[in-house]
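Whatever order the structure lists ligands and atoms in, that order sets their numbers, starting from 1.
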Amino acid sequence: MSSPRKEMEQLKAAEAKLLLSTYERNPILFTGGEGVYLEDEQGIRYLDLLSGIGVNALGYGHPAIEAAIAAQSKKLIHISNLFFHPGQAELALRLTEMSGLDRAFFCNSGTEAWEAAMKVARAYAGLLRNEGKSIGTKFLAIENSFHGRTFGSVSTTHKAKYREPFGPVVPGVDFVRFNDVDDLRGKFSTDVCAILLEPIQGEGGIRPVSQEFFAAARELTQSTGALLIADEIQSGLGRTGKWFAYQHYGIQPDITTLAKPLAGGLPLGAMLCTEGVSRAIHPGMHGTTFGGGPLACAVAIAVIDTIKATGLLDHVTATGAAFKEGLAALQAKHSSIVDVRGEGLMLAAQLNSAELAKSVLAQMFDRHILINRTDETVLRFLPPFILQAEHVQAALHALDEILMGIEVATNQQSHETVSQGGR
Ligand SMILES: *Cc1c(COP(=O)(O)O)cnc(C)c1O
């Protein structure tokens with residue numbers, strides 16, 4: 001009989017030979033899950049504070065998702081966008097009510113939603129030019145941004161490693177320094193067709209834009225007819241305790257994008273825009289084979305209705321606030337935590353070194369708690385919305401013990417160095 005360890009080695013070897021090398025995976029095989037816990041093939045449970053990178057908002061094995069998949073899979077899985085099915089309008093009705101926007105386009109992923117937003121913005125600028133307005137084709141994106149992996153998305157993603165190997169990327173993108181209003185004003189002109197931002201940068205390290213910066217972006221775009229586009233692929237659908245992170249700012253964008261948690265783990269993205277912007281698109285200009293299929297839409301409707309029916313937005317707000325308070329208390333105790341940021345259940349603790357963050361991640365894993373590291377030094381928490389107070393306490397307790405252990409070890413080391421140096 002082959003041991004789980006041997007199975008893992010075989011799987012690793014097979015993938016190393018057969019797959020394009022895009023990820024360094026964790027050497028663990030998860031085979032199931034329930035609630036906020038994942039389970040590996042030996043039946044060991046892991047507290048999941050990452051939820052498939054912000055996707056599994058209702059956790060694992062949620063009955064509403066299972067029921068929606070079962071029911072819809074018996075009716076119709078795919079029909080293409082050449083025919084009607086009731087799911088898209090039913091889902092769009094919910095999303096437009098939640099967002100304050102008017103129309104939806106459905107696709108299969110975050111990056112596709114972002115591509116749709118960029119294409120609609122360029123087409124809308126063209127429409128305005130035809131109507132006699134002076135408006136260009138340039139995008140202003142923000143330093144430290146992440147918008148996805150396809151060409152439009154990488155061209156607006158700031159980190160060089162995502163963009164430069166694939167050059168030339170889509171032209172006409174300029175980057176503005178994060179939260180630097182003067183830089184934004186300096187780079188804005190009638191050449192710009194849209195300002196693009198994540199209200200809370202995700203991959204960039206859970207960094208909220210300032211009220212002042214967001215407001216300046218809104219005011220500038222309004223002054224020329226350019227668009228304000230908010231990427232809510234990670235922060236949207238209740239992750240921050242409101243349906244959209246921009247609602248914390250009281251600022252309404254012209255376009256927003258959604259994906260990660262939208263269809264309970266099935267691939268589904270959405271681009272939402274105003275009625276005015278939607279004038280730019282006519283049949284045949286944009287489309288997708290799979291996007292907004294009956295199965296994905298049925299599950300997304302179930303996800304949204306479950307969030308509403310179980311009061312999960314309030315739960316995320318309360319649980320997130322307790323989690324953040326706990327992290328702040330740890331920051332007061334441990335000098336290795338230099339900042340605590342985020343909103344709702346989109347939280348981060350920034351440490352003073354990448355090495356330390358790596359070590360904390362590994363030790364959390366040893367304690368069967370999954371988190372992740374982004375922007376080198378940032379511990380990122382994107383747990384399922386159904387996280388309970390006891391899970392928060394378990395995570396905080398583990399983090400506290402790990403940081404204490406590391407401090408004791410480094411104190412001993414420096415003590416030894418000092419006493420050796422004294423001799
Ligand atoms: C994950 C993410 C994307 C890309 O989504 P994919 O589904 O991986 O294409 C885009 N923007 C933000 C803010 C994200 O977090």
Margin query: Tell me which one of D231, T156, T257 satisfies side chain to side chain donor-acceptor pair (under 3.5 Å) with W114.
Written below: T156
Notebook entry, point to check: At what distance is the nearest protein heavy atom to atom 1 (C) of ligand 1, and which residue and atom is it?
Noted result: K260 NZ, 1.5 Å
Checklist line | Shortest protein heavy-atom distance from atom 11 (N) of ligand 1, along with the residue and atom involved | finding: D231 OD2, 2.8 Å
Next item on the list: Indicate the ring-plane relationship of F323 and F381, choosing parallel, tilted or perpendicular according to the 30° and 60° boundaries.
Entry: tilted
Checklist line | Side-chain heavy atoms of E112 within contact of T150, under 4.5 Å | finding: no
Checklist line | For ligand 1, the portion of W114 having any non-hydrogen atom under 4.0 Å away | finding: neither
Margin query: Which residue and atom name correspond to the protein heavy atom nearest atom 6 (P) of ligand 1, and how close is it?
Written below: G110 N, 3.5 Å
Check: salt bridge (charged side-chain N to carboxylate O under 4.0 Å, His left out) with D375: which of R341, R207, R380?
Finding: R207
Margin query: Applying a heavy-atom cut-off of 4.0 Å, say which part of H147 lies close to ligand 1: side chain, backbone, both or neither.
Written below: backbone
Check: According to the interplanar angle, ranging from 0 to 90°, do the rings of F365 and Y46 count as parallel (below 30°), tilted (30 to 60°) or perpendicular (above 60°)?
Finding: tilted
Notebook entry, point to check: Starting from atom 9 (O) of ligand 1, which protein heavy atom do you reach first, and at what distance in Å?
Noted result: T111 N, 2.8 Å
